[in-house]
Amino acid sequence: MSPAAQLVNRLRRTGALPPVVIQTHRRERLMSWLFLAPAVLFLLVTSVYPLLYSLRLSFFAWNMNVPNSQPRYIGLDNYTRLFQDPAFLSSIRITLIFVITAVTVEFLLGMALALLATSRIRAIGLIRTVLLIPLMMTPVVAGVLWRTLYHSTYGAINYFIGFLGIPPQTWIGDPAQALPAVITVEVWQQLPVVVFILAAGIQSLPLDLYKAAHVDGASAWQIFREITLPLLRPVILVVLLLRIMDAFRIFDIIYTLTFGGPGRTTEVLSMLIYKTGLQFFQIGQASAMSWLFLLFIFLISIFFIRELQRRTP
Amino acid sequence: MTITEMDRPRTVQPTSSSSVQRTLGTVALYGITLVSMILIAFPAYWLVTTALKYEVDTIVTPPLIVPLRITFENFVAVLNANDIDRYFFNSIVIALAATGLSVLLGSMAAYALSQSYLSFAIRRGLMVWILVTRIFPPVTTAIPYFVIIRSLRLSDTHAALIVTYVAYGLPFVIWLMLGFFQDMPQEIDKAAIVDGCSLWQRFSQVILPLALPGVAVTAIFAFIYSWNEFLYASMLTSFHAKTLPVVISGYMSDKFLRWGEMTALASLMILPVMIFAGLTQRYLVRGLTFGAVKE
């Protein structure tokens, strides 16, 4: 409770509440609303309204490519058509593969690096500085940069794998390699998030447990499995929740690296929505896709948030 | 960095091992760290060295990992390119305006939420709603934004992009500032109330100056977001309000193999971000987790 409210309550209990205080309290409540109002109004207009507008559009067929075209009401047709659309279904599959793979790899590598950073070698300063680089790089820049790295003739990656005896690959031009290539860039950029959060979590664990474990002669692996991991569970959940939600939002990197190609092999949902709505201008259908996307993400987040609330004391 | 309780290492520390084993273990740890850091940092090295190579040296087989000769001609070329000063100006102005507006409105809202003159249910509801708006993928609101902005004839204006970025930044600012306000000791607020300060006076003259580090950190995060944003910038602007990320992506289609110029512009573009990131290191975890995990 705020200090002001505490004061008011205490005075009210002792029966010593002059009218001017009650009036001030009311004035403060009004002021609170005035403080909130600009932000709330702004969000209502710029977040809620476009979403509702998009919902409405999803019940119409509207091709903005055709000049002076008007939206035409078609009810749930957009939605029913989507569930039979191979592009949409494939896009969902690609998105899920992307999210699950990226987050898993990020988490495993991130946990390893976080453990390294908090281990007996004094490397946390170096690790933190180096990890800031991919984290802060503009995603578009990362995309064009990695495109030069992946280049089949002039790229550095093919050069280095040559030393391992592997012939040059096409990477982003190859239907089988494009998705892993994109996932690699995403992992490279977002790994620092996992490392920083997990490292902060590890550093906040009580030291006494570790001291006791050493006295008892526990091995490093035992310490990790029995102490570190269980105590980190709430932080791990936060990390997973954040990373999963953010992985769904991927766009810039895929746009610059592959634009959804080759074919549809890297066409995640956000790319498909972009192409449908802003390349082919099928506004109604793109809106329907957007809403299904939102619903899906919303459900996943609710699941994770509930898990989080259950496990945090 | 002083060694506090928290800094003491606590993970890989086997107990019953000889000192030789221990040394080998330490060497191995250093080795793994070094290798992984080199792998992670290499793309950035590649970016900068490509920018410093002569254009002809960027497309050779095998690629020059260590450039034999460097030049600044790419940077000169990029800074002299058509309209580039306009694009830099756009990026700076839009990011600053969006940051200023969102930090101002967001801090006020966060302060109101940190006081409890409003019922608990309202505050809880607002916080949940604000969290929800953060979950949405930008693409899902891109379509209606596109239609609305076009119908309002605001395409290719700075205002359109500024409003967009404030809309996206506000939830973040509110949550982050709320955390900072809640971290402040309550005595200060109480003292100000006893002194007879109104809400606005408390906010502007007492709390805000004290929360300045928090404001700075929040502003930097908001700035970085606006500076880096691509989807809405490419969708809502074409020339007058075009920002740097759009320019960079343009290099991929037209001037495909002018890697020197492209990486030069990219290096210039990420410079302010890297500097700001270095400044906010301390609060990084709080910013990344939306305030859920505090450093």
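Since this is a predicted model, take the numbers as computed values, not measurements. A, B, ... follow the sequence lines: proteins, then strands. Residue 1 opens every chain.
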For [X], is it the side chain, the backbone, both, or neither that has a heavy atom closer than 4.5 Å to a heavy atom of chain A?
X        : value
B:Leu47  : both
B:Thr58  : backbone
B:Met235 : side chain
B:Val60  : backbone
B:Leu265 : neither
B:Thr26  : both
B:Ile59  : both
B:Tyr30  : both
B:Val246 : neither

Test your reading of the model: is there a side-chain donor-acceptor pair from [X] to the backbone of [Y], 3.5 Å cut-off?
X        : Y        : result
A:Lys275 : A:Phe259 : yes
B:Glu229 : B:Ala233 : yes
A:Trp188 : B:Ile40  : yes
A:Thr118 : A:Ala114 : yes
B:Trp46  : B:Ala41  : no
A:Gln189 : A:Pro134 : yes
A:Thr95  : A:Leu269 : yes
B:Trp227 : B:Met269 : yes
A:Arg249 : B:Pro138 : no

Mind ranking [options] by heavy-atom pairs under 4.5 Å with chain B and telling me who comes out on top?
options                                : result
A:Leu145, A:Leu191, A:Leu126           : A:Leu145
A:Thr256, A:Ile273, A:Thr129, A:Val144 : A:Val144
A:Ala123, A:Ser47, A:Pro192, A:Ala156  : A:Ala156
A:Val48, A:Thr153, A:Val193, A:Ile127  : A:Ile127

> Taking only residues two or more places apart in sequence, or in another chain, which ones meet B:Asp57 in a salt bridge (charged side-chain N to carboxylate O under 4.0 Å, His left out)?
Replying inline: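 Scan of B:Asp57 (salt bridge (charged side-chain N to carboxylate O under 4.0 Å, His left out), adjacent residues dropped) gives B:Arg69.
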As an exercise: rank [options] by heavy-atom pairs under 4.5 Å with chain A and give me the winner.
options                               : result
B:Thr50, B:Ile248, B:Thr164, B:Leu170 : B:Leu170
B:Pro245, B:Ala112, B:Pro43           : B:Pro43
B:Ala44, B:Pro144, B:Ala142           : B:Pro144
B:Ile148, B:Leu104, B:Thr141          : B:Ile148
B:Phe276, B:Phe42, B:Phe136           : B:Phe136

>> Just so I know, are the side chains of A:Leu131 and A:Phe196 near enough to count as touching, which here means a heavy-atom distance under 4.5 Å?
In response: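 In short, these two side chains touch, coming nearer than 4.5 Å.
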Using non-hydrogen atoms only, which part of [X] is less than 4.5 Å away from chain B: side chain, backbone, both, or neither?
X        : answer
A:Trp146 : side chain
A:Pro139 : side chain
A:Asn158 : neither
A:Leu44  : both
A:Phe293 : side chain
A:Trp291 : neither
A:Leu30  : neither
A:Ile250 : neither
A:Ser270 : both

>> Applying ring-ring contact (aromatic ring centres under 6.0 Å, His included), can you list everything that pairs with A:Tyr274, at least two apart in sequence or on another chain?
In response: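 Only A:Phe251, A:Tyr255 meet the ring-ring contact (aromatic ring centres under 6.0 Å, His included) criterion with A:Tyr274.
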>> Between B:Tyr165 and B:Tyr232, is the ring pair (Phe, Tyr, Trp, His ring centres under 6.0 Å) condition met? List the steps.
In response: CA-CA 9 Å; B:Tyr165 293 161; B:Tyr232 282 83; 7.5 Å; no
>> Whether the B:Tyr111 and A:Ser32 side chains hold a donor-acceptor pair (N or O, under 3.5 Å, no angle test) is what I'd like checked.
In response: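 No - no donor-acceptor pair under 3.5 Å links their side chains.
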> If you measure only the distance, is there a donor-acceptor pair under 3.5 Å linking the side chains of B:Tyr168 and A:Thr46?
Replying inline: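 Absent: no donor and acceptor within the cut-off.
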>> For a side chain to side chain contact (heavy atoms under 4.5 Å, CB included) check, start with the C-alpha distance between A:Leu116 and B:Met37, then their side-chain angles and the critical distance, and finish with the verdict.
In response: CA-CA 11 Å; A:Leu116 259 182; B:Met37 289 305 107; over 6 Å; no
